[in-house]
Amino acid sequence: MGIPRLIATLEPYSNQHKLQNEEVVIDGPALAYHVSWICRQSGHSYPSSALLQQVVLQWLDALADQGIKIEAIYFDGFLPPAKRPTRMERMIKSAGQLNQLYAVSSNIYAQICSQGKNVILREDMFQAKAPLTEKVPAPTFLVPAVLDVLRDSSAYAAMVHVVPGEADAVCAKHLADHGGTVLTSDSDLLIHDLGSGKVAFLRDMHTQGDESDLLCNQYEPKEIRQRLGLEKSNLVRFGYELSLAPHSTVSQLVRKCETQDVDSVHEFEHFCEEYIHAEASKVPLTPDQQGTLPIKNLDPRLSELAVQLGNGPREPEVFLPISLDNPMRESAWVPCSWLRQVAYTLLAHLIGSKCTAVSEYRRVQRQQQQGKLLDIMSPDELQKAITHLENAGIWPSPQVKGFSKPARYLSLLTMDPYDPDDTRVPHARRILEQAALRTLPQEGQEQWNVVHLTAQVQAYAYSIRMVKQVLSMCDAACWDSIISSSGPTKHQAVADAIGSIAISTSLEDVPDLRAIRHYINSLHEPDKKAEVQSMLNLTPEQFSALGNTRKKKRKTSKEARDGKPKKMSRPSLSSNSFSILQDE
């Protein structure tokens, strides 16, 4: 999480610098969050994947125009166990933001669907601005969205590296070996051993007036150490003492470093571990043992799982990104857990891991919280999942493939739950039925119902994407050699089932809240009747019965208000906006 006040303490020892005609490496996750910050500064409180992708390319192009050569953009592909408390703390913070947003936002659409500039100009990206109070969690698929567009870019693809370690540590090692400047948001890089390397912070980068020159405060740790007068000690010790006494003066800290021993050798040694150029974790080999798995093509969470599976025996953990959903419901990740089980099972088979389960974290409320165990599937369970995938490919009817994008995604969520013991009506089905029969109120809980539905759509698409990424790591012959070919657990069966589902898993294509909200609000219109019938897999008679049931309920409600005996009738959809909460 960084050392409190480290930047403020060392800022007087930085130099105003013009970034031009030099070599840099970029901390990839820091870049992604910086791009999100730029979008939010421009009025987009929850930027879409498409906007994030547009802005990151513009931002990198602006660097190229200054003659800046990007040597590498590093992304985390694995975080060591020592980082677990920090990661849990971040997830707790995100969950807290979501809970607070739910508590204070009666009009969540206004918070999430706020529209800034459609095009963010280059000069807007490098203007000094006051920090934002971030009331909304970061976009769920922020880092994968940025990774996608960079991998697809002819200009930047070769620079992108998903590494089996922390991006900031790999950036530090790169600078120690080759020199240059790292662009980051992580203050910890100031006390790494960078050799002749330098540090510039992304939010410091700015232009002045009408000039196009790109300016920043540049920190050179080697020079800073000399200017501080640290002869016997170093910046790691300085950072350690600052972490213990963040309000000490520089002279007090230097004096402590130079003339006194550390108060606790054990604590200091533990502190130092983070700033040593540790060897990256080993990447698992391919089944033929001829090379390492191409984790660079995976999203960071799958990459991290692959590294864990290949370096057992520790129980592997997956920390899913915080979903912007209704915190009073179960996580939007839950209904599609079985899809991720397929991905985890195939990846374990591919690596030859003996693990029996993966511990998955969705919402985290406390440090001691345990993850949800998802078992590695047996051959029979994998066959069941393939059958469900095949059903998804033909559900609810062929004509849905010709419908609008939101309809194609939403129809998948109306299927019966994967678990046959789960008798609940899917949330998507309830919302679609209600929307087709009336215009949903545009406030309060009804808005959060649509927010939750959008989160389920995105979680479903991302889970399918995870399966596709695992399948792409080997060809069919490779899969058939490691998964029993005697039955339907073959690679081709999974690939065919996934390929039959008529949705795109490219993050910029997955509908966001604006698209889902607009579509839901249009469903009560007469020309949508046939489309809704197909999505819900209902005959015209069954669809008409929904309306009749609602009219009957309104009638019995009126009788109750008039003091007439209430006739017993079969429960139907309620207009109470909290009814869905009661059923799920």
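Residues take their numbers from the sequence shown, with the count starting at 1.
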| task | State whether Tyr418 and Lys384 meet the cation-pi test: NZ (Lys) or CZ (Arg) under 6.0 Å from the six-membered ring centroid, and within 45° of the perpendicular axis. | result | yes
| Should Trp338 and His388 be marked as a side-chain contact (heavy atoms from CB on, under 4.5 Å) after you check the CA-CA gap, both sets of side-chain angles, and the distance that decides it? | CA-CA 10 Å; Trp338 65 278; His388 203 69; 3.2 Å; yes
| query | Where do Ile92 and Gln367 land on the side-chain contact (heavy atoms from CB on, under 4.5 Å) test, with the steps shown first? | reply | CA-CA 8 Å; Ile92 291 169; Gln367 281 281 354; 4.3 Å; yes
| Pairing of Lys93 and Glu89 as salt bridge, 4.0 angstrom limit | no
| said: Let me confirm one number: the OG1-CD1 distance from Thr184 to Ile26, rounded to the nearest 0.5 Å. | reply: 10.5 Å
| query | Any donor and acceptor pair, going by atom type alone, linking the side chain of His524 with main-chain N or O of Ala435 inside 3.5 Å? | reply | no
| query | Where do Ala357 and Glu315 come nearest, in terms of heavy atoms and distance? | reply | O-CG, 4.2 Å
| Less than 4.5 Å apart, any side-chain heavy atom of Gln445 and any of Asn326? | yes
| Is there a side chain to side chain donor-acceptor pair (under 3.5 Å) between Arg430 and Asn449 once you walk through the steps? | CA-CA 10 Å; Arg430 284 190 172 278; Asn449 286 338; over 6 Å; no
| said: What I want to find out is whether Arg87 reaches Glu304 closely enough, with some N-O distance under 4.0 Å, to be called a salt bridge. | reply: yes
| query | Trp59 and His34: side-chain contact (heavy atoms from CB on, under 4.5 Å), yes or no, with the steps? | reply | CA-CA 10 Å; Trp59 192 90; His34 182 63; 3.9 Å; yes
| said: Nearest 0.5 angstrom please: Ile295 CD1 to Leu302 CG, how far? | reply: 11.0 Å
| query | Side chains of Leu52 and Leu142: does their closest heavy-atom pair fall under 4.5 Å? | reply | yes
| task | Run the salt-bridge test on Asp299 and Arg301 with the 4.0 Å N-O cut-off and return the result as yes or no. | result | no
| Heavy-atom pair with the smallest gap, counting every atom of Val55 and Cys39 | CG2-SG, 3.9 Å
| message | I'd like to know if the side chain of Gln341 and the backbone of Leu374 have a donor-acceptor N/O pair within less than 3.5 Å. | response | no
| Are the side chain of Asp512 and the backbone of Ala515 linked by a donor-acceptor contact shorter than 3.5 Å? | yes
| task | List the steps, then state whether side chain to side chain donor-acceptor pair (under 3.5 Å) holds for Tyr361 with Ser331. | result | CA-CA 10 Å; Tyr361 292 81; Ser331 167; over 6 Å; no
| said: Donor-acceptor check, side chain of Gln369 to backbone of Gln365, threshold 3.5 angstrom: yes or no? | reply: yes
| request: Look only at the side chain of Gln542 and the backbone of Thr539, and say whether a donor-acceptor pair between them is shorter than 3.5 Å. | output: yes
| task | State, to 0.1 Å, how close Pro321 and Phe141 come at their nearest heavy-atom pair, and which atoms those are. | result | CG-CE2, 4.2 Å
| message | Give me the atom names and distance for the closest heavy-atom approach of Glu381 to Met377. | response | OE1-CA, 3.3 Å
| message | Run Val163 and Asp76 through side-chain contact (heavy atoms from CB on, under 4.5 Å) and show every step you take. | response | CA-CA 6 Å; Val163 297; Asp76 303 326; 5.9 Å; no
| said: Check this for me: Lys372, atom NZ, are more than 12 non-hydrogen atoms of other residues, nucleotides or ligands nearer than 6.0 Å? | reply: no
| task | Please check if the side chain of Ser153 supplies one atom and the backbone of Ala155 the other of a donor-acceptor pair under 3.5 Å. | result | yes
| Within a reach of under 6.0 Å around NZ of Lys296, are more than 12 heavy atoms found that belong to other residues, nucleotides or ligands? | no
| note | Minimal heavy-atom distance between Tyr74 and Pro29, with the atoms involved, is O-CD, 3.4 Å
| field | Atom pair OH (Tyr462) and CZ (Arg340), whose distance is rounded to the nearest 0.5 Å | value | 10.0 Å
| Shortest non-hydrogen contact from Pro137 toward Arg40 | O-NH2, 2.6 Å
| Is a salt bridge present between Glu317 and Arg84, judged by a nitrogen-to-oxygen distance below 4.0 Å? | yes
| said: Any heavy-atom pair between the side chains of Arg517 and Gln447 that's under 4.5 Å? | reply: no
| Under 3.5 Å donor-acceptor, Tyr156 side chain and Asp61 backbone | yes
| query | Near Lys528 NZ, under 6.0 Å, is it more than 12 heavy atoms from other residues, nucleotides or ligands? | reply | yes
| message | With a 4.5 Å cut-off on side-chain heavy atoms, are Ser504 and Val510 touching? | response | no
| message | What I'd like to find out is whether the side chain of Met466 reaches to under 4.5 Å of the side chain of Leu339, using heavy atoms alone. | response | no
| Would you call Val364 and Ile322 a side-chain contact if the rule is heavy atoms closer than 4.5 Å? | no
| Pairwise side-chain contact, Ile38 with Gln41, heavy-atom cut-off 4.5 Å (strictly under) | no
| query | Got a second to check how far Leu60's CG is from Met159's CE, nearest 0.5 Å? | reply | 8.5 Å
| With side chains defined as the heavy atoms from C-beta onward, is the minimum distance between Gln469 and Asn297 less than 4.5 Å? | no
| Given the side-chain rings of Tyr409 and Tyr460, with only the six-membered ring counted for Trp, is the space between their centroids under 6.0 Å? | no
| task | State whether Asp325 and Arg362 are salt-bridged, where the test is any N-O pair (Lys NZ or Arg NE/NH1/NH2 against Asp/Glu carboxylate O) under 4.0 Å. | result | no
| Under 3.5 Å: donor-acceptor pair, side chain of Arg514, backbone of Ser48 | no
| Exam field: side chain Arg408 to backbone Ile503, donor-acceptor pair closer than 3.5 Å | no
| query | For the atom pair OG (Ser303) and CG (Leu298), what is the distance rounded to the nearest 0.5 Å? | reply | 6.0 Å
| query | Under 3.5 Å, is there a donor-acceptor pair between the side chain of Gln456 and the main chain of Trp333? | reply | no
| task | Please round to the nearest 0.5 Å and tell me the distance separating atom CG of Leu410 and atom CG of Leu432. | result | 5.5 Å
